[in-house]
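Remarks on the structure that follows.
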Amino acid sequence: MLDKSFVPKKPFDDFKWKWATLAPTESINDPVVLLGVLFKLNTLEKKNVKFSSDEYDFAMKELQADLDSANIDVNVTGRTGDRNLFRNSGQYWKALGLIPKEGRNGLITLTDFGKSVADRKISKTEFSAITIQTLSLPNERIQSKEECDLWEKHNIKIFPLKIILSTLHLLKDRGINNQSQGWITPDELIKIIIPLSACNASAEDYTNFIYWYRTNQINLENWADCATRANDKRIAREYLLFLENYGYISASDIIAKNRFEQKYIYNAEFDEEIMKILDVSQSKIDLYEMMKNTSTISAAQNIERKRYNRNNSRPLQAQFRQDLLSVSNKCLITQVRMVGLLEAAHIKPHKYNGPEEKDNGILLRRDIHYLFDSGNLRIDVNGNVFISQPTLEDYGRTIPEKVEIPPYVNKDYIRWRWENYDGA
């Protein structure tokens, strides 16, 4: 364990945590953007078209309209043709193993893992859990061989998302003036965790130095600067944004002076599940191995269940349910009519500007509502019902292959969810 006098040094001049690109566009990390683009690419790949094609341009314009309706501030149409989005920002998808490092002469291509995500064979939460377990630095998917060799030469291989979560897990039990310290700022990540990560530090070391820094027991004047270029801080912050977007941490309601002093608070509600995700050996970094890992799947499903319970305790939920009961009296999927078993399900999520209006809702039996919210049950605009493999194994064909969309429902919300959203 390192003591207070330890001062980390950079192993080589350009040591830093690279998320994906030198020209970051933080909004791309939002699942509706990252996975929404992936879903579009999955359809286009089957048509054997290029990123520079008119078909790609049209698909991005469709997606842009959906992003605008969800108040997501990102432009996926401003870079099309030969200077398309993937020319500069493709590393967001490459870094996570969703598209290959080397393309096929500009043809749209997904990796097998990317296809599994796009085909909804794994849920959004399972995708995030696998990413936490497998995303390592150096990242051969986006970094050059020369860069990777430099890391290897200094015997450095780290799993940055696991480092952040394991540190927050320990910090939550530290207190200052009876206040839990289970939070981190981008500045602390950049100034403390990243320099220490080059020094074979442990989770206890990261935790101690952050605690000592907050209690003025150390100063960082002589510490290595691992964010020397203009965008280095923004790129490092992407790790926190990823964890925030998938619900492992949340930004504090207290507005900070700037985005690098913003507190990101550990979601202790998911602590047990997060520890199961972190418990996977760091030697196991194969994407497909992680897709079959029962501990990963179980942890992800428990997170989905807890999110479902939390989302359905929102203040406006009761009124939303009453509004739906005024136009319907049964579960859309099972036809159950017992009022006590029926819940109100939003089609376009509230988080993405979905209204609290009945044309954005359907009544579902409680367990079916969970399947719908977690992405294990999906409905297209024609009423076709698609279920995940685990759902099929548990429910068989008690779930119909097709339903009739109620006339009061706005089908554009159905389409939006089908094309852009993969569950809570």
Side-chain angles (χ1 to χ4, degrees), residues 32 35-36 38-47 59 62-63 65-66 69-70 115-127 301 304-305 308 311-312 320-321 323-350 352 354-355 357-424:
V32 166
L35 301 183
L38 187 72
F39 300 152
K40 293 287 188 185
L41 297 185
N42 192 38
T43 301
L44 293 171
E45 183 191 27
K46 296 168 185 175
K47 298 179 180 179
E62 285 186 323
L63 178 59
D66 285 341
S69 75
K115 291 175 185 175
S116 295
V117 175
D119 288 333
R120 276 78 165 190
K121 291 181 179 177
I122 61 173
S123 71
K124 184 182 78 175
T125 307
E126 289 167 353
F127 161 71
Q301 289 176 346
E304 290 166 353
R305 176 180 54 80
Y308 162 82
N311 290 343
N312 284 283
F320 183 56
R321 179 174 180 271
D323 292 343
L324 283 176
L325 286 169
S326 72
V327 292
S328 181
N329 64 350
K330 61 185 177 181
C331 169
L332 178 63
I333 301 296
T334 67
Q335 307 303 306
V336 164
R337 295 175 182 270
M338 291 181 64
V339 174
L341 297 179
L342 298 178
E343 294 186 343
H346 288 80
I347 301 169
K348 186 177 183 181
H350 180 73
Y352 293 108
E357 303 292 339
K358 53 181 177 286
D359 67 343
N360 184 40
I362 51 177
L363 287 173
L364 296 173
R365 194 175 72 193
R366 181 178 174 83
D367 58 330
I368 303 299
H369 186 188
Y370 164 73
L371 295 176
F372 183 70
D373 275 8
S374 63
N376 284 287
L377 184 150
R378 302 173 60 241
I379 306 169
D380 71 12
V381 292
N382 297 313
N384 296 305
V385 179
F386 298 82
I387 58 177
S388 66
Q389 185 60 35
T391 304
L392 179 61
E393 291 172 1
D394 283 349
Y395 284 78
R397 272 302 161 192
T398 59
I399 293 179
E401 296 183 7
K402 189 168 185 175
V403 295
E404 184 176 346
I405 305 292
Y408 69 85
V409 168
N410 184 334
K411 285 191 175 181
D412 192 54
Y413 296 139
I414 297 280
R415 180 203 59 78
W416 191 97
R417 186 184 185 97
W418 174 261
E419 293 184 3
N420 301 290
Y421 191 70
D422 194 30

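By the 4.0 Å N-to-carboxylate-O rule, K40 lies close enough to E419 to be salt-bridged with it. With salt bridges taken as basic N to acidic carboxylate O contacts below 4.0 Å, none links D412 and K348.
Contact record, A59 with L44: CB-CD1, 3.9 Å, taken as the closest heavy-atom pair. Shown here for Y408 and K358, the closest heavy-atom pair between the two residues is CE1-O, 3.1 Å. Pairing each heavy atom of A70 with each of W416, the nearest pair is CB-CZ2, 3.8 Å.
Side-chain atoms of Y308 and E343 form a donor-acceptor pair, as typed in the model, at a separation below 3.5 Å. A donor-acceptor contact under 3.5 angstrom links the side chains of Y395 and D367, judged on distance only.
Taking the side chain as every heavy atom from C-beta outward, V403 and V385 approach each other to under 4.5 Å. In this structure the side chain of N360 never reaches within 4.5 angstrom of the side chain of N410, judged on heavy atoms. Using a 4.5 Å heavy-atom threshold, the side chains of L364 and C331 count as touching. Under the 4.5 Å side-chain criterion, counting only non-hydrogen atoms from C-beta, K402 is in contact with N384. Proximity of Y413 to H346: side-chain heavy atoms (C-beta onward) are nowhere separated by under 4.5 Å. Looking only at side-chain heavy atoms (C-beta outward), N42 and K115 come within less than 4.5 Å of each other. When side chains are defined from C-beta on, I379 counts as touching L332, because their heavy atoms get closer than 4.5 Å. Using a 4.5 Å cut-off on side-chain heavy atoms (C-beta onward), L324 and I362 make no contact.
Remark: R417 qualifies as a cation-pi partner of F372 under the 6.0 Å distance and 45° angle criteria applied to the six-membered ring.
Between the CG atom of L363 and the CD1 atom of I333 there is a distance of 12.0 Å, given to the nearest 0.5 Å. Atom CG of D380 is separated from atom CD1 of I414 by 9.0 Å, given to the nearest 0.5 angstrom. For the atom pair CG (L38) and CG (D422), the distance works out to 10.0 Å, reported to the nearest 0.5 Å.
Residues forming a side-chain hydrogen bond (donor to acceptor under 3.5 Å, both in side chains) with D359 (at least two apart in sequence, or on another chain): none.
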